[in-house]
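Quick notes on the structure that follows.
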2 protein chains.
Amino acid sequence: MVSIKDVAKDAGVSPQTVSNCINNPAIVKPATRKLVETSIARLNYTPNASARRLRTQRSNTIGIGIAPVSYSQVYDRFLHALVTEADANGIRVILYKTDSQQDEIRQFDALRSRGDVDSFVLTDTTHDDPRLAWLHEHHQPFVLFGRPWGARIMNDPATPWVDVDGHYGIAEMTQHLILHGRKHIGFIGWPGISGTGMDRYQGWRSSMLDARMANADELDQLYEEAKNDILSGQTACIELLDRRPDIDAIVCVSDTLAIGAATVLPNDTDIIITGFDDTVSARSMGLSSIAQPLIESARHIVRITQEQLAGSAPASAGGGPHRPGAAPHASTDDQHVLLKPTLVIR
Amino acid sequence: MVSIKDVAKDAGVSPQTVSNCINNPAIVKPATRKLVETSIARLNYTPNASARRLRTQRSNTIGIGIAPVSYSQVYDRFLHALVTEADANGIRVILYKTDSQQDEIRQFDALRSRGDVDSFVLTDTTHDDPRLAWLHEHHQPFVLFGRPWGARIMNDPATPWVDVDGHYGIAEMTQHLILHGRKHIGFIGWPGISGTGMDRYQGWRSSMLDARMANADELDQLYEEAKNDILSGQTACIELLDRRPDIDAIVCVSDTLAIGAATVLPNDTDIIITGFDDTVSARSMGLSSIAQPLIESARHIVRITQEQLAGSAPASAGGGPHRPGAAPHASTDDQHVLLKPTLVIR
DNA sequence: CTGTTAGCGCATTCAG
DNA sequence: CTGAATGCGCTAACAG
C-alpha cells in the first residue's frame, strides 16, 4: 500500500503538501502541484479511505436497505442509478438488510454508531413510520425515496424526500388515450390504501371526470382491484371486460398487472393495455408504459445528501417561504422533489 | 460519539482492557470483563469501524456490483441473502456499479486502493473474463457466484466459486414430468452458448435420452430457443405446439419464458409448463418451478471470504486430492461449491 | 492478567 | 506557500 508519505518522498516535498494538493489544490504553487500530481500518478496513489474518515469524522457513505422480496420491479434499477450518482460524487453506498421496520432501525443504529454511514436512503415509508421517528430522534440525516404518505410531515423540511408523480403519469396516459379516441377506459389498481396506489388511481379518475368520459357511477364499473401479480391482473381484466364489454382501453397501476391483463385479451381485440414502470417485460409485449426518472431521482437524493453533509440543517434554503396551500404533487422545493415520469407509447 | 476511552474511564480500567474484552475476551479476568461489559452497555458504546480498519488494515467489507439492467429476476433476492449472511458475520457489503467489465475493473481498482474492500463477489463470468485476469494479477481475493464457464480455471483453487446446479434442477424437473406420465416434453432455452443456458439444456436433453423418451432427431423438434422475455416465450411456445401438437409438457429455462408459454396455451389444455427461479409471477400463475438456494449460496460465499481474510490462500485444504475426471457438476470442494436447487411443484 | 507505549494514514492546526 | 507537530480511535506489541 502506497501512502501519502511515499508520494511526499517521491516528489521531494512534505506529506502535508501532498495532502493539500488533494484536498485544497488552490493553496499550493502550480509548479510543486504539478510535481506532486506526477508522483501520485506514477505511484498510483489513492488516499486511504479509513484514515481519511477517521480524521474527518465523515464517512462519505450512504446506507440503503434491501428487503427480502423486492418492493417493485425497478428497485435494482434504482440501486444502480443511486450507486452511479453516488460514485460520481465520491460517495460510497453500503447495503444493509431490512427484514422489517424494526430490523431496519437496528441497522440504522449499528451503522450509525460504528461511523460507517453518514446518511440513509429509505423507501416504502408507511403511515406513522417508526423509522422516521427514530431518525428524527437521533438527528440522523436521511432522504426518502417516495413521499411519506398520510403524514403531516410531507412538507417538513426535516423530512426530505424525492418522488415520482404517479398521479401525473397516469393522468397523462389516460389523457393520451382519450385524445386518441378511447371512450371507455378502465383502470386496474391495487387494493388497500397505499399512498402510491391511491395517487395513481386519482390520476385516472380525475382525468376521466375532467373529460366527462364517465360519471362517478360509471367510474366504479370501470375500476377493478388486483394484487400485484400476473394472475390477479388476468382475473381483474376478465372481470372488467365481463362487466363492461364496451371497454376499449385499460390503464394499469403496474406493468405486472398490465401483462396479466394483456395476456387474457381476445385475439382479435384492439383494446389497449398500459402499464407503469417500463419494464423489460412490458417492452417485449409492446405495451405502452410510464417510465420513472430513476437517474434524476438518484441525482436529487445524492444532492440532498451532499447538502446535509456540507452544512448543518440547510432547512428551506433556496425556495423562499413555504406555500402550505399548494397541492402536494405540485409543490417542489430543495428538500422535496416531485419528478414527472414520461410516457412510453408503443 | 463515545470512544473506548470513555468506556475505560467509566469502568476504571485502561483502554486496552476494553479492547481486549471486545476482541479477545478469553484473556481478561471474568470479573473485570463483566465490569467492562456493563459500562459498554450503559454508554451504548460501539467501536469506530474506521479506526479499527485503519489499525488492522482490514476492512471486513465485501464489494458487489450492480448492473444497469438486472442479470436475472433473482438478483435482488441474492443481494438480500448476501447482505444477511455478511451481517451475521460482522461483514459489511458495499455496492458499486458495473456498466461493463472494464468499468467493473475500474471499480475494483478504486475500492481496493482506497482500502474500502477486502474481497469482491462477481457474477456473470464470461469466457476469458478480463475481470478474473485483473483480480489474479493484483492478488485480489474474490468469489464468483456462478461458475467460470468455458475456462480451464473451473477447478483452479485460486478461482473460488459458488453455483447452483442448473443441469440437476432441470433434469429433476424433466424426470418428475416423465414419472407423472408426460411423454412429449418440450424445452424452451436461451439462444447462444451461455454456460448456464447450455447446462440447463443438457439437463433436459440427457434426462430425455436416458428415459428413451425421444431420439436425437425428435429432441431437435422438441426444442425451441427464445430471448429471455415474455413475448419470446409466447412465440416459442406457439412454434413448438405448431410443430409438435402432441407435446404435453414444456420445460422452460426461466420463469419469464414459462410465463410467456403459459399465457398462449389453449384454454382447455392440460399441457404443463415449468419455469426456473420460483419468482412471484410463476407462483401466482401456479407454475411449477425450480428454486435456487440463495441463502445457502450466500452462506458459502461469506464463508470462503472469511477464509480468505483469515489465512493466506487455504487452497484445497479439506477436500483431499483433486479429482480432475469428475464431472463439473458433481465435484465439490471447499473452494468450489455446487448446490442443488429444489423443485417447487404446483 | 493489566497498563503503557506506539503507530495505522490522514488532515488540521500552527510556525516559518 | 511549505514543513513540523498533533491526534482522530483503535489494537499489537511489550512491560509491569
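Order of the sequence lines fixes the chain letters, A, B, ..., with proteins taken first and strands second; residue numbering starts at 1 for each chain.
- Here A:Arg53 does not reach the OP1 or OP2 of D:dC8: none of its side-chain N or O atoms lies under 4.0 Å away.
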Let me check I have this right: for DNA chain C, each base becomes ., (, ), [, ] or |, based on Watson-Crick or G-U pairs with both distances under 3.5 Å. What is the full string?
|.||||||||||||||

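- OP1 or OP2 of C:dA11 sits under 4.0 Å from a side-chain N or O of A:Asn23.
- There is a side-chain donor-acceptor pair under 3.5 Å between B:Ser70 and A:Asp76.
- Residue B:Ile295 places its CD1 atom among 12 or fewer non-hydrogen atoms of other residues, nucleotides or ligands, all under 6.0 Å distant.
- Each side-chain hydrogen bond (donor to acceptor under 3.5 Å, both in side chains) pair with one or both residues in residues 77-90 of chain A, not counting sequence neighbours, appears once here: A:His80-B:Asp99, A:Glu85-A:Arg299, A:Asn89-A:Gln306.
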Strictly under 3.5 Å: I want the nitrogen or oxygen pairs between protein and nucleotides 4-7 of chain C, one per line.
| residue | atom | partner | partner atom | Å |
| --- | --- | --- | --- | --- |
| C:dG7 | N2 | B:Arg55 | NE | 2.5 |

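- Counted by atom type alone, A:Ser297 and A:Gln292 present zero donor-acceptor pairs between their side chains at under 3.5 Å.
- Rounded to whole Å, the distance from CG on B:Asn48 to P on C:dG9 is 17 Å.
- We find the OH-CG distance between A:Tyr75 and A:Asp124 to be 8.5 Å, quoted to the nearest 0.5 Å.
- Note: B:His300 and B:Phe145 fail the aromatic proximity criterion, with ring centroids not under 6.0 Å apart.
- In this structure, B:Ser3 does not reach the D:dG9 phosphate: none of its side-chain N or O atoms is under 4.0 Å from OP1 or OP2.
- Put simply, the residue from B:Gln140, B:Arg112, B:Gln308 that forms a side-chain hydrogen bond (donor to acceptor under 3.5 Å, both in side chains) with B:Ser119 is B:Gln308.
- Using a 4.0 Å heavy-atom criterion, one finds that A:Thr32 contacts the sugar-phosphate atoms exclusively.
- For the side chain to side chain contact (heavy atoms under 4.5 Å, CB included) test with A:Ser19, the passing option among A:Ile22, A:Thr17, A:Asn23 is A:Asn23; the others fail.
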